[in-house]
There are 2 protein chains.
Amino acid sequence: MTAPDGPRRERRTIGVLARQTGCHVETIRFYERIGLLAPPPRTQGGHRVFDDSHARRLVFVRRCRELGFSLDDVRGLLGLVDTGDVTCAEVKALTVHHRDAVRHRIEDLRRMEGVLTDLVQMCAGGTAPDCAIIETLFEPHR
Amino acid sequence: MTAPDGPRRERRTIGVLARQTGCHVETIRFYERIGLLAPPPRTQGGHRVFDDSHARRLVFVRRCRELGFSLDDVRGLLGLVDTGDVTCAEVKALTVHHRDAVRHRIEDLRRMEGVLTDLVQMCAGGTAPDCAIIETLFEPHR
DNA sequence: TCTACAATCCGTAGTCGCTACAGGATCAAG
DNA sequence: CTTGATCCTGTAGCGACTACGGATTGTAGA
């Protein structure tokens, strides 16, 4: 009865991991370098060998990044997970805080979009050398 | 009858210009270094002396930045202004293109915000060590 | 006129989150 | 055993600033 390991601990090269997670190879190495991912074991020749736990962790990082969390936020979340100290309240607070920042950013962009639309509308778009957009941009704030 | 110059060509130090335009002193020097603003004349001791034309141009840059234009975009717009070759059509095209990029960015952020709000709502926020947010973030995409 | 101190000078390095090389070594298939 | 894909390390670059250190200059008050 040799241990049948199964697909639970599947080994993969960095390239395969990259394809599975949608990360670039360079990004994975970068995450390892900055301490976001633990250094995986290597082959005799020095190639990294990743297993499911690495894949899981990388997926987590990637999902967080897709949601706009900073790498520092991700580090914090992973820290909570790693120590086992994680409580819903902490995670929720971090998430709420980030969501509020995202909302704030949306508001900023909306204001920009409004002004840009105004500018576009006040511009005839012809070959005239005097452009209302340019004129307006030379005016101080608001 | 000495030329009364008037307030039209008011001279100012970099600090005063910064206060007038809302830019940091370092940013003004930075803009000069990358060729966005022309090098102003100096005092004997080497301090920069700015006049109204510099102020006008810096206001333009600042307004563009507030609207999210890249420094390269600003360079382009200023280039058009400088050559006198500026036509409404060109400026409008650049502005429309940028507005579309801003809209795109808003859509991205809105999607993030939606997911973040979902996450926040699925989390009880108590002291439980199992957190639904964390669980979800370990799941692959979507 | 002297002195104190604010403001300015320059150059370099750091921020964030990657991305793009260069110049090699290793691995798997045929 | 050769080929060619993949991997390795290290460094430099991006955008748009920001922050520093150490020196110099400008100016207002005594």
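In what follows, chains carry the letters A, B, and so on, assigned in the order in which the sequence lines appear, proteins first and then strands, with residues in each chain numbered from 1.
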Separation of C/dT19 P from A/R29 CZ (nearest whole Å) = 13 Å

note = Rounded to whole Å, CD of A/Q44 lies from P of C/dA25 at a distance of 17 Å

request  = Starting at atom CG of A/D73, determine the distance to atom C1' of C/dC16, rounded to an integer number of angstrom.
outcome  = 13 Å

ask   = C/dC10 phosphate, OP1 or OP2: any side-chain N/O from B/R48 under 4.0 angstrom?
value = yes

task = Give the rounded distance in Å between these two atoms: CZ of B/R62 and P of D/dC17.
result = 9 Å

inquiry  = So B/Y31, base contact, sugar-phosphate only, or nothing? Heavy-atom distance under 4.0 Å.
reply    = sugar-phosphate

request  = Would you mind telling me which of A/T21, A/D82, A/D52 makes a side-chain hydrogen bond (donor to acceptor under 3.5 Å, both in side chains) with A/R57?
outcome  = A/D82

task = Check the distance between D/dC8's C1' and A/H24's NE2 and give it to me in whole angstrom.
result = 19 Å

query = Of the non-hydrogen atoms in A/R62 and A/C23, which two are nearest, and what is the gap between them?
reply = CD-SG, 3.5 Å

request  = Ignoring backbone atoms, establish whether B/R33 has a side-chain N or O less than 4.0 Å from OP1 or OP2 of C/dC9.
outcome  = no

message = Nearest whole Å is fine: how far is D/dT6 P from A/H47 NE2?
response = 12 Å

query = DNA chain D: B/R65 or B/T43, which has the more 5' nearest nucleotide?
reply = B/R65

request  = Using only side-chain N and O atoms of B/S70, determine if any of them is under 4.0 Å from OP1 or OP2 of D/dG15.
outcome  = no

query = Does the side chain of A/D51 pick up a donor-acceptor pair with the side chain of A/S53 at under 3.5 Å?
reply = yes

inquiry  = For B/T117 and B/E113: C-alpha separation, side-chain torsions, deciding distance, then whether side chain to side chain donor-acceptor pair (under 3.5 Å) applies.
reply    = CA-CA 6 Å; B/T117 295; B/E113 204 245 283; 3.0 Å; yes

key: Proximal nucleotide (of C/dT19, D/dA16, D/dA19) relative to the A/E26 side chain   = C/dT19

task = Find the distance B/I14:CD1 to C/dC10:C1' and express it as a whole number of Å.
result = 12 Å

request  = Please confirm whether B/R12 makes a cation-pi placement over B/F50, using NZ or CZ under 6.0 Å from the six-membered ring centre and within 45° of the ring normal.
outcome  = no

request  = Answer yes or no: does a side-chain N or O of A/T13 lie under 4.0 Å from OP1 or OP2 of C/dC27?
outcome  = no

query = Hey, does the side chain of B/T27 come within less than 4.0 Å of D/dC17's phosphate (OP1/OP2), counting only N and O?
reply = no

request  = Starting at atom CZ of A/F69, determine the distance to atom P of C/dC16, rounded to an integer number of angstrom.
outcome  = 17 Å

ask   = Counting just side-chain N and O atoms, does B/R42 come under 4.0 Å of either OP1 or OP2 of C/dC10?
value = yes

